[in-house]
Amino acid sequence: MNDSPGWAAPGSSPSDGERPGAPDSPGPGSDARPPAEGRKWADRQPPPGDWQSPGAPRAPETPAGPQQPAPGGWNRGGTGPGSPYGYPGGPGRWGKPPAAKPGVIPLRPLDMGEILDGAVATMRRHWRSVFAITLVIATIVQVADVLLKKYAFPAVPVMSEEPDLQELVDSLTDTLLSSLGTAFVQFIAGILATALLTMVFSRAVVGRASSVGEAWRDARPQLPRLVGLALAIGLGAAVLATVLLLPGVLTRSAGLLLLGGLAALPLLLWLAIRFTLASPALMLEKSGIVTALRRSSKLVQGSWWRIFGITTLTAIITLVVSFVILTPISAVALVIAGGLDGFDQQTLATSWSFLVISGIGAVIVQTVTIPMQAGVTVLLYVDQRIRREALDLELARAAGLHEYGSDPAAPPTAG
């Protein structure tokens with residue numbers, strides 16, 4: 001029996017004196033040493049292993065053969081071989097279970113690091129297809145953004161040294177409208193990019209490359225529904241924000257505007273995470289708009305905080321990358337456009353030189369960051385389906401591992 005506090009090994013042997021029929025002392029000729037006075041050690045000790053004191057040099061291990069994944073998927077309970085937890089290498093060897101890895105991720109439930117690593121690995125291995133798609137989308141987004149800033153949303157008026165309440169409300173309203181217009185364009189483009197890149201990332205999961213032409217052929221039948229999904233989500237978010245902010249805008253009340261913003265922000269965030277998997281569900285399952293929204297809601301249910309955490313970390317990473325790239329480009333644009341005096345003359349924010357140079361920097365940033373965000377979204381979708389629906393079996397067969405999950409004694413063989 002284990003006498004250590006807090007935990008007892010299941011199925012451990014009883015100590016001497018507790019086991020019925022146990023002798024009080026070792027028999028003649030036995031090599032066993034009697035335990036120290038007052039101690040009660042188990043009569044059967046663990047077999048000798050490679051135990052050693054901390055810091056001692058470790059003897060080289062004989063390389064073992066490749067471990068085969070357990071059949072039947074990884075969405076099992078308990079700590080057996082078919083579970084994502086337990087001792088995959090045998091008792092005493094805790095860790096992640098072995099799994100087939102035909103592509104950029106292992107075919108089992110993924111942790112946050114594996115999702116991020118899978119997105120980056122796809123960008124490295126298939127950079128021609130990934131960056132070609134994102135470069136086109138980023139260019140379209142920035143052209144639309146420059147035109148909006150130049151013509152649709154004029155520069156925010158400069159406030160006086162002692163602005164009154166009306167001036168503050170006007171400035172806040174103009175800034176909010178400009179930000180919402182830009183955010184709407186980028187949001188729609190982000191959904192489109194995610195859907196097109198879904199084809200590249202889904203093939204990368206099973207170890208297959210995808211050209212731009214193949215990605216286009218795979219995505220083209222779903223593009224009308226994809227546009228409908230993007231408009232439904234984007235317009236729904238805009239309508240919801242408008243309804244909550246409209247009282248403050250109409251009354252030009254800073255208090256009502258702030259209250260509406262505080263109510264809109266958490267609600268929009270909750271809905272954004274709940275429907276974040278709708279785009280890959282629509283593209284990969286060839287479903288309709290309503291079905292994709294329902295599928296996303298079902299897959300996210302019970303995992304909202306986990307998906308929120310991974311999505312937030314991805315946003316922080318892309319924000320840091322954006323800052324590193326945009327800072328020197330913005331400084332150059334500022335100098336070429338006339339320096340800080342441009343802010344006083346209220347011409348810098350709408351000057352062609354500043355907008356074009358800043359737009360070029362934004363294209364570079366989005367070409368790098370959009371694939372990262374899209375890849376994480378697609379891999380989150382794959383991960384949730386592996387956890388809930390044993391998608392690893394289907395992915396293994398798509399990768400050519402035809403015997404994966406069919407016979408515990410038979411290793412998967414590539415077809």
Side-chain angles (χ1 to χ4, degrees), residues 141-142 144-192 194 226-279 289-290 292-294 296-298 300-301 304-305 307-309 311-312 314-316 318-319 322 343 346-350 355 358 362 373 377:
V141 168
Q142 288 310 309
D145 186 48
V146 167
L147 294 177
L148 284 173
K149 289 179 178 178
K150 181 67 177 179
Y151 299 110
F153 302 110
V156 177
V158 178
M159 293 184 294
S160 58
E161 294 182 359
E162 297 181 359
D164 56 14
L165 179 61
Q166 185 65 36
E167 198 173 2
L168 286 172
V169 172
D170 292 341
S171 177
L172 183 60
T173 302
D174 292 337
T175 302
L176 183 62
L177 290 175
S178 177
S179 301
L180 284 177
T182 301
F184 180 76
V185 173
Q186 293 180 346
F187 181 70
I188 297 297
I191 293 179
L192 293 173
T194 298
L226 171 63
V227 173
L229 176 65
L231 291 176
I233 295 178
L235 291 177
V239 169
L240 180 60
T242 301
V243 169
L244 294 175
L245 297 175
L246 189 60
V249 173
L250 292 178
T251 60
R252 294 189 173 274
S253 169
L256 284 177
L257 199 61
L258 179 61
L259 184 62
L262 292 178
L265 183 61
L267 184 57
L268 290 174
L269 179 60
W270 180 79
L271 290 173
I273 298 299
R274 190 171 184 86
F275 297 130
T276 191
L277 305 182
S279 182
I289 297 174
V290 177
L293 292 173
R294 289 175 179 172
S296 177
S297 179
K298 179 181 178 181
V300 172
Q301 186 176 8
W304 192 96
W305 284 107
I307 295 175
F308 168 75
T311 304
T312 302
T314 305
I316 293 174
T318 55
L319 183 64
S322 301
F343 284 111
Q346 223 176 328
T347 58
L348 180 62
T350 56
L355 290 175
S358 300
Q373 295 171 323
T377 301

> Which heavy atom of Ser297 sits nearest a heavy atom of Arg274, and at what distance?
Replying inline: OG-NH2, 2.7 Å
> Can you tell me how far the CG atom of Leu267 sits from the CG atom of Leu262, to the nearest 0.5 Å?
Replying inline: 13.0 Å
> Can you tell me how far the CG atom of Leu269 sits from the OG1 atom of Thr312, to the nearest 0.5 Å?
Replying inline: 7.0 Å
> How are the rings of Phe308 and Trp304 set to each other: parallel, tilted or perpendicular (split at 30° and 60°)?
Replying inline: parallel
> What are the two closest non-hydrogen atoms of Pro247 and Leu244, and how far apart are they?
Replying inline: CD-O, 3.8 Å
> Do you know the tightest heavy-atom contact between Leu355 and Val146?
Replying inline: O-CG2, 3.8 Å
> So do Val249 and Thr242 actually touch side chain to side chain, heavy atoms under 4.5 Å?
Replying inline: no
> Sub-3.5 Å donor-acceptor pair from the side chain of Ser322 to the main-chain atoms of Thr318, do we have one?
Replying inline: yes
> Which pair of heavy atoms, one from Leu277 and one from Ser296, lies closest together, and at what distance?
Replying inline: N-OG, 3.1 Å
>> As an exercise, state the distance from CG of Leu250 to CG of Leu257, rounded to the nearest 0.5 Å.
In response: 10.5 Å
> Which heavy atom of Ala278 sits nearest a heavy atom of Ala292, and at what distance?
Replying inline: O-CB, 3.5 Å
>> For Thr276 versus Ile273, what's the shortest heavy-atom pair and its separation?
In response: CG2-O, 3.1 Å
> Side-chain contact, heavy-atom cut-off 4.5 Å: Leu293 with Leu229?
Replying inline: yes
> How long is the gap from OG1 on Thr311 to CD1 on Ile316, to the nearest 0.5 Å?
Replying inline: 11.0 Å
